[in-house]
Amino acid sequence: MTNFLITGGAGFIGSNFIRYFLNKYKNYKIINLDNLTYAGNVNNLINIEDNYRYKFIKGSINDINLVKKILETGVNCIINFAAESHVDRSINNSQIFVKTNILGTQVLLNEAKNYNVDKFIQISTDEVYGSLGEKGLFTEKSPVNPSSPYSASKASADFLALSYYKSFGLPAVITRCTNNYGPYQFPEKLIPLMIIKAINNEYLPVYGNGENIRDWIHVVDHCRAVDAVIHHGKVGEIYNIGAINEKSNLEVVKFILNILKKSYSLINFIEDRPGHDIRYAIDNKKIVKHLGWSPKYEFEKGLKDTVDWYVENKHWWEIAYRKLYMKQNNSSR
Ligand SMILES: NC(=O)c1ccc[n+]([C@@H]2O[C@H](COP(=O)([O-])OP(=O)(O)OC[C@H]3O[C@@H](n4cnc5c(N)ncnc54)[C@H](O)[C@@H]3O)[C@@H](O)[C@H]2O)c1
């Protein structure tokens with residue numbers, strides 16, 4: 001496999017993945033199909049746009065003719081990062097989530113079948129499992145029990161991918177990762193939002209009492225895991241990806257304030273999100289044991305690097321942040 005179609009490659013994880021993948025494999029070619037929604041930003045890949053092994057196409061995964069045209073060029077592997085990804089937006093209006101995350105994935109799966117691609121990686125999320133109690137971890141066998149329209153749309157796409165494997169033998173594999181953090185994450189998500197608000201000395205809005213627990217992974221560790229799944233993952237399988245790193249939202253916010261040497265008095269508890277899952281945590285034994293992957297980033301170091309990146313790259317987030325948050329005060333995942 002040397003010719004890859006990466007969808008949603010102008011977003012947070014997709015752009016980190018493209019940079020990682022092009023650097024690591026010197027004979028791979030990548031087409032990045034992204035329709036540049038509010039979350040897509042070509043500046044995420046500005047340093048690689050002249051690479052002859054990389055091509056950007058502005059367009060939607062819902063556009064069947066465009067997807068066919070791209071696959072005709074001889075794509076061997078599709079990695080589907082494209083999605084509407086913000087839970088709060090899905091609660092406000094779920095229509096685009098169904099269109100992109102379900103119908104768009106169906107277009108890709110169907111054309112991957114028609115063009116006999118060698119592998120299809122569906123990038124999913126731990127959120128499809130719903131909320132955990134105080135104890136236990138989600139394994140790949142845990143029941144799917146989504147709470148938000150976002151996670152319901154991702155769960156539907158997972159079932160579609162599995163059905164294409166079972167019904168047509170499409171070589172599909174699903175990854176379900178925990179919460180990512182790192183550079184180039186859009187300012188509406190928890191960690192960049194809190195960093196930016198702290199830099200600006202604004203109040204940091206924290207849902208409920210801040211006790212909701214998420215399992216955090218550095219985006220580069222996620223990219224390394226997807227790399228392992230592309231090359232060694234068994235078709236028809238699901239792989240959970242997580243770094244065994246549970247933190248409450250309040251702990252994360254306090255870490256950020258400590259790194260930036262700001263006062264906890266900036267924390268502002270706000271009304272909880274409807275259907276807010278209490279805890280996510282992933283059992284990563286399957287990918288560790290079968291694919292030899294393990295996370296490299298230690299959370300405190302990864303978070304410090306991320307804070308430094310936002311401090312040094314104000315030009316990257318300032319305009320988007322201003323547009324989003326001048327009149328609102330929302331927080332995230
Ligand atoms: N961020 C996380 O913590 C996390 C965790 C687990 C899984 N995921 C999954 O990883 C994937 C990427 O997440 P992200 O955080 O980078 O999201 P993001 O919102 O930063 O990026 C999504 C990208 O998809 C593009 N896109 C949206 N609709 C499209 C369409 N119809 N056609 C082509 N491109 C389209 C957007 O323009 C954007 O560039 C998503 O599938 C998400 O569900 C994210």
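Both ligands and their constituent atoms are indexed starting at 1 by order of listing. Note that the coordinates shown come from a computational prediction; the quantities given were computed from them, not determined experimentally.
In terms of polar-atom proximity, A82 is not counted as a contact of ligand 1, lacking any N or O under 3.5 Å from an N or O of the ligand. Considering both main-chain and side-chain atoms, E84 never comes within under 3.5 Å of ligand 1 through any nitrogen or oxygen pair. Taking distance alone, with nitrogen or oxygen atoms compared against 3.5 Å, S85 approaches ligand 1 more closely than that limit. Considering backbone and side-chain atoms together, N41 places no N or O closer than 3.5 Å to any N or O of ligand 1. Considering backbone and side-chain atoms alike, T125 places every N or O at 3.5 Å or more from each N or O of ligand 1. Residue contacts with ligand 1: D34 is placed with a nitrogen or oxygen under 3.5 Å of a nitrogen or oxygen of the ligand (distance criterion only). Polar contact with ligand 1: present for I13 (N/O pair, distance under 3.5 Å). By the 3.5 Å distance cut-off applied to N or O atoms, K154 is counted among the residues near ligand 1.
Residue L36 approaches ligand 1 through these ligand atoms, each under 4.0 Å from one of its heavy atoms: 37 (O). Atoms of ligand 1 lying under 4.0 Å from at least one heavy atom of T37, given by number and element, are 27 (C), 28 (N), 36 (C), 37 (O). The G40 neighbourhood of ligand 1 comprises atoms 37 (O), 38 (C), 39 (O), with distances under 4.0 Å to a heavy atom of that residue. In summary, the atoms of ligand 1 found under 4.0 Å from a heavy atom of A39, numbered by their order in the structure, are 19 (O). Listed by number with element, the atoms of ligand 1 under 4.0 angstrom from any heavy atom of N179 are 3 (O). With ligand atoms numbered from 1 in the order given, ligand 1 contributes 42 (C), 43 (O) to contacts under 4.0 Å with heavy atoms of Y150. Near N62, meaning under 4.0 Å from one of its heavy atoms, ligand 1 places the atoms 31 (N).
Using a 30° and 60° split on the angle between ring planes, W316 and Y184 fall in the perpendicular class, above 60°. Y25 and Y28 have parallel rings, their planes meeting at less than 30° on a 0 to 90° scale where 60° marks the start of perpendicular. Note: F81 and F17 have tilted aromatic rings, judged against thresholds of 30 and 60 degrees for the angle between ring planes.
Y38 does not count as a contact of ligand 1, since none of its heavy atoms falls under 4.0 Å from the ligand. For S124, the closest heavy-atom approach to ligand 1 falls below 4.0 Å. Ligand 1 has at least one atom lying under 4.0 Å from a heavy atom of T178. Within the 4.0 Å heavy-atom cutoff, T7 does not count among the residues contacting ligand 1. Ligand 1 lies within reach of C177, whose nearest heavy atom is under 4.0 Å from it. The shell of residues lying under 4.0 angstrom from ligand 1, judged by heavy atoms, includes F81. A heavy-atom separation below 4.0 Å is found between G59 and ligand 1.
With a heavy-atom cut-off of 4.0 Å, T100 touches ligand 1 through its side chain alone.
In summary, K99 and E84 do not engage in a salt bridge, as defined by a charged side-chain N under 4.0 Å from a carboxylate O. Between R224 and D221 a salt bridge is recorded (basic side-chain N to carboxylate O distance below 4.0 Å). Residues D158 and K154 are not paired through a salt bridge, judged by the lack of any N-O separation under 4.0 Å between the basic side chain and the carboxylate. Using a 4.0 Å cut-off between charged nitrogen and carboxylate oxygen, E111 and K68 count as a salt-bridge pair.
Judged by the 6.0 Å distance and 45° axis criteria, K197 is not positioned over the aromatic ring of Y203.
Considering only heavy atoms from C-beta on, D227 comes within 4.5 Å of K24 through its side chain.
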Worked verdict on Y150 versus R89 for side chain to side chain donor-acceptor pair (under 3.5 Å): CA-CA 8 Å; Y150 162 67; R89 286 176 188 264; over 6 Å; no
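Checking Y207 against D88 by side-chain atom types alone, a donor-acceptor pair falls below 3.5 Å. Between Q185 and Y310, the side chains place no donor N or O within less than 3.5 Å of an acceptor N or O (distance only, hydrogens not considered). The closest side-chain donor-acceptor pair between N110 and Y164 falls under 3.5 angstrom. Inspection of the S148 and S151 side chains reveals an N or O donor paired with an N or O acceptor under 3.5 Å.
One option in G8, A83, A10 has a heavy atom closer to atom 27 (C) of ligand 1 than any other, and that option is A83.
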